[in-house]
Amino acid sequence: MGHIPVLLSAILEYAVLDDNSIVFDATIGAAGHCIAILEKYKDKRIKYYGLDRDFEMLELSKNKLSGYENVVLIHNKYENIGEEIEKRNLEEKIDFCLFDLGVSSVHLDTAERGFSFRFDAPLDMRLDRSENLTAANIVNNYSAEELADIFYQFGEERLSRCIARKIIEYRKTKKIESTQELADIVKAVYPISRNNQERRIHPATRVFQALRIAVNGELIKLAQSLKTAAASLKKNGRLAVISFHSLEDRIVKNTFKKLAENKIANNEKEKCEFKILTKKPICAKDEEIEINNRARSAKLRVLEKIG
Ligand SMILES: C[S@@+](CC[C@H](N)C(=O)[O-])C[C@H]1O[C@@H](n2cnc3c(N)ncnc32)[C@H](O)[C@@H]1O
């Protein structure tokens, strides 16, 4: 199955647009949210900018969007959102900006991308395949301490040290090349748990998440990217962010809080004022989770520029 956009009805509710509104989608992915927004406002002339770090996702959305006008696709990281906005003179002109973080189902379901232990494939995990660092590079070359730190910090993996030691031991006999090899190493460290909470997810889930974050340098500049996006909104413009794990959500929550408290000089010359529209993050209802398991961990937070 393709990618199903998460929390779509909430996104459509918060994206209040009019004639000539400008949308900046910092993670267009498979264009799911994009097409739903363009369809909802098909009688308005919406200008839609869609950025993605993964060229292959852009190719996919380009095909899906062939019947739509006024869509501009941009290959870049959202860490560089400021330069893309400046290049197009979009400062303080954006009505709705969306960050739907992480990877898409297309990534997880494409075996050769190496994001999932559901398939046996080379350990890759690069969002941008023109970059050099892969998950295999990390697991085969980093020290036990470096690996344990990655698993602990980015995966909140409580057995991080044991898993790192097991990897080093395994490496002495052979290189770790595939997703299955790594998943088996992690699984062997994990005791068979009686705890339901633990059994709900595969033991390698956290290690795979941590490696993906490390390979792609996720989280490093997320706060700064959100500040830049917030500063680029028009008055009453909104910034919506969907996160998929607690590390991401913490960054989103704290950045929004600081912006709303005006603690960040987001633009030294003109200070902007913001209001948080979602006191608590919006989560998927059971009906959505039933048809799209990815939605179970999704959290949406929305910020509005008020002045
Ligand atoms: C959850 S998917 C987005 C799905 C999209 N909203 C849809 O409905 O089809 C996340 C997308 O963000 C992209 N991505 C991840 N990190 C990125 C970054 N730093 N800069 C730009 N795009 C990024 C991924 O390549 C992926 O396509």
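Numbering of ligands and ligand atoms starts at 1, following listing order. Small disclaimer: the values here were computed from a predicted structure and weren't measured. Computation of the quantities below employed the complete heavy-atom set of this structure, encompassing side-chain atoms and omitting hydrogens, waters and symmetry-equivalent molecules.
Only side-chain heavy atoms of Leu127 come within less than 4.0 Å of ligand 1; its backbone N, CA, C and O stay farther off. Within the 4.0 Å heavy-atom criterion, the part of Ala26 lying near ligand 1 is the backbone and not the side chain. At a heavy-atom cutoff of 4.0 Å, ligand 1 is contacted by the backbone of Ile28 but not by its side chain. The part of Leu101 lying near ligand 1 is the backbone, judged by heavy-atom distances below 4.0 Å. In Val103, the part holding a heavy atom less than 4.0 Å from any atom of ligand 1 is the backbone. Using a 4.0 Å cut-off between heavy atoms, His33 contacts ligand 1 through both its backbone and its side chain. Counting heavy atoms under 4.0 Å from ligand 1, residue His3 touches it through the side chain alone. The residue Cys34 has no part lying near ligand 1, judged by heavy-atom distances below 4.0 Å. Contact annotation: for Asn76 versus ligand 1, heavy atoms closer than 4.0 Å belong to the backbone alone.
Looking at Glu92 and Lys235, no side-chain N of the basic residue comes within less than 4.0 Å of a carboxylate O on the acidic one, giving no salt bridge. Between Arg45 and Asp19 no salt bridge is recorded (no basic side-chain N to carboxylate O distance below 4.0 Å). Salt bridge status for Arg126 with Asp128: absent, with no side-chain N to carboxylate O gap under 4.0 Å.
Using a 4.0 Å cut-off to heavy atoms of Asp100, the atoms of ligand 1 that qualify are 1 (C), 2 (S), 3 (C), 4 (C), 5 (C), 6 (N), 10 (C). Those atoms of ligand 1 with a heavy atom of Gly32 less than 4.0 angstrom away are 7 (C), 8 (O), 9 (O). The ligand atoms of ligand 1 that sit less than 4.0 angstrom from a heavy atom of Asp54 are 25 (O). Less than 4.0 angstrom separates some heavy atom of Leu51 from each of these atoms of ligand 1: 21 (C). Which parts of ligand 1 touch Ser104 is read off a 4.0 Å heavy-atom cut-off, strictly below it: atoms 2 (S). Proximity to Arg294 (heavy-atom distance under 4.0 Å) selects the following atoms of ligand 1: 1 (C).
Checked by distance only, ligand 1 and Ala30 come closer than 3.5 Å through their nitrogen or oxygen atoms. Checked against a 3.5 angstrom limit, the closest N/O atoms of Asp25 and ligand 1 fall outside it. Note: no N/O pair closer than 3.5 Å links Pro5 and ligand 1 by distance alone.
When the options Asp128, Ile4, Ile11, Asp52 are ranked by their closest heavy atom to atom 13 (C) of ligand 1, first place goes to Asp52.
Remark: distances from the non-hydrogen atoms of His107 to ligand 1 include one below 4.0 Å.
Counted by atom type alone, Asn80 and Asn76 present one or more donor-acceptor pairs between their side chains at under 3.5 Å.
Taking the six-membered ring for Trp and the full ring otherwise, Phe99 and Tyr78 have centroids separated by under 6.0 Å.
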| Criterion ring pair (Phe, Tyr, Trp, His ring centres under 6.0 Å) on Phe115 and Phe208, from CA distance to verdict | CA-CA 7 Å; Phe115 284 104; Phe208 271 64; 9.6 Å; no
